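None of these values were measured; they are calculated from a predicted model. Order of the sequence lines fixes the chain letters, A, B, ..., with proteins taken first and strands second; residue numbering starts at 1 for each chain.
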Protein chains: 2
Amino acid sequence: MGERRSGTRERIQAVAVELFAEHGYDKTSLREIAERLDVTKAALYYHFNTKEAIVVSLFEDLIAGLDAIIGWAEEQPRTLETRQEILRRYARLARERPKGMMRFIQESKTTMQELAPGEDLQCRFRTLTGMLHGPDASLTDHLRTSLALITTSAAVFMLKDTDSTDEERYDAGLELALELVAGAPVESSTR
Amino acid sequence: MGERRSGTRERIQAVAVELFAEHGYDKTSLREIAERLDVTKAALYYHFNTKEAIVVSLFEDLIAGLDAIIGWAEEQPRTLETRQEILRRYARLARERPKGMMRFIQESKTTMQELAPGEDLQCRFRTLTGMLHGPDASLTDHLRTSLALITTSAAVFMLKDTDSTDEERYDAGLELALELVAGAPVESSTR
DNA sequence: GTCTATAAGGTGATAGAC
DNA sequence: GTCTATCACCTTATAGAC
């Protein structure tokens, strides 16, 4: 589609995701976003037809990225190395998202669930979790892989009150995630 | 304080926590709660002065329970057995809460944070996490204990789409939590 | 692309009768 | 304890000028 430039659209997205992560989607009004950008609410409506459309646009890249990982993983053997590479790719993807985005997903799950991209995302996460353990994994294994996915993207803000850099937090998250999936043996199902 | 009976106060709490967990605090209006109970909004205000007061009342027991665990733990030696017993007590506490309560905490963190009990809770969770690892634990250890606490109370709804009973989910959560803190060695600081 | 002005509706909360 | 009626406020969203 068209790529008209003036940057306002991108600025709206950046401010929105930041505010959504900080105060939540419901408590962030279009008035607040507009004020932050020093434009009027009506200007926002030129770029996005609804408030929800902002959210939708925000998650497009993430969903595409998840699909890419899933697509790649489907063609790989179900080995531990593959599972760990899934986590590494997911870590990179999460890390490249705008500040606050993964936090919004993780800490506003209830809200997300009622938004359009919420179901799309949840579906991808379920698929990914399923790939990290075998088809008949134990409940504990299931939990282990779910936690692995969470810690990979959430370590950054979960460790917010520790004395460390973002870099170190990301690394710690991935490290623990790799350890978690390594502890979840899968039955080598060749199909 | 007085314990006037008619049960309406308790019914309000029960419906509220359920709706808060399902649709979030902001999207749950007093009108909705009132309709569900077949009373008017005004009736709600006889029992609770504000919407937030409902939330506050909801978390009183949980906070008291957390303080009890913290108080007990402070008098124990910093051994692995103590740390695991903390998790067992926390598991029992979480399990005894009304349906939806722990889910509301976990999946509406952003909202909770802006509510009165949010800070109180977060403070207790920080304390508890600190007790599960040593004072100079690594970032990974810190993460391990945070995840232990989360999985203990969140396994029930994290495993919602698996074929299992609530009982089994609770047990799986506690099992993984115990395993996580066992993997986080603390420097035996006698003080 | 951005503005002013306004519509239409829901929200938390209050007053006062019963 | 619960009701009816109402308030002030804020929200998302739209119409139309520039």
Side-chain atoms of S29(A) come closest, of dT2(C), dT2(D), dT11(D), to dT11(D)
L30(B) CG to dT14(C) C1', in whole Å, measures 13 Å
E10(A) CD to dG1(C) C1', in whole Å, measures 14 Å
K41(A) atom NZ is separated from dG16(D) atom C1', nearest whole Å, by 16 Å
Atom CZ of R11(B) and atom P of dT2(D) are separated, to the nearest Å, by 8 Å
Mind checking whether E119(B) and Q113(B) have side chains closer than 4.5 Å, heavy atoms only?
no
#### Entry: H133(A) versus T145(A), side-chain donor and acceptor atoms under 3.5 Å
yes
In short, ring pair (Phe, Tyr, Trp, His ring centres under 6.0 Å) pairs touching residues 59-93 of chain A with sequence neighbours left out are none
#### Entry: Phosphate-side-chain proximity, Y46(A) and dT2(C), N/O vs OP1/OP2 below 4.0 Å
no
Those residues at least two apart in sequence (or on a different chain) that pass salt bridge (Lys or Arg N to Asp or Glu O under 4.0 Å) with R9(B) are none
Whole-Å distance, E35(A) CD to dT11(D) P, equals 9 Å
Per atom distances to the A42(B) side chain, the nearest of dT14(C), dG12(C), dC3(C) is dT14(C)
T8(A) side chain near dT2(C) phosphate (N/O to OP1/OP2, under 4.0 Å) = yes
Open item on the list: Classify T40(B) by what it touches in the nucleic acid, base, sugar-phosphate, or nothing, heavy-atom distance under 4.0 Å.
Closed with: base
Side chains of R124(B) and I69(B) in contact at under 4.5 Å (non-hydrogen atoms): no
Rounded to whole Å, the CZ-C1' distance (R9(B) to dT2(D)) equals 17 Å
Of dT12(D), dC3(D), dC3(C), the nucleotide closest to the side chain of V39(A) is dC3(C)
Counting only side-chain N and O atoms of R31(B), is one of them less than 4.0 Å from OP1 or OP2 of dG12(C)? no
note: Y45(B), atom OH; dT6(D), atom P; distance rounded to Å ~ 18 Å
Between CG of D38(A) and C1' of dC3(C) the distance, given in whole Å, is 13 Å
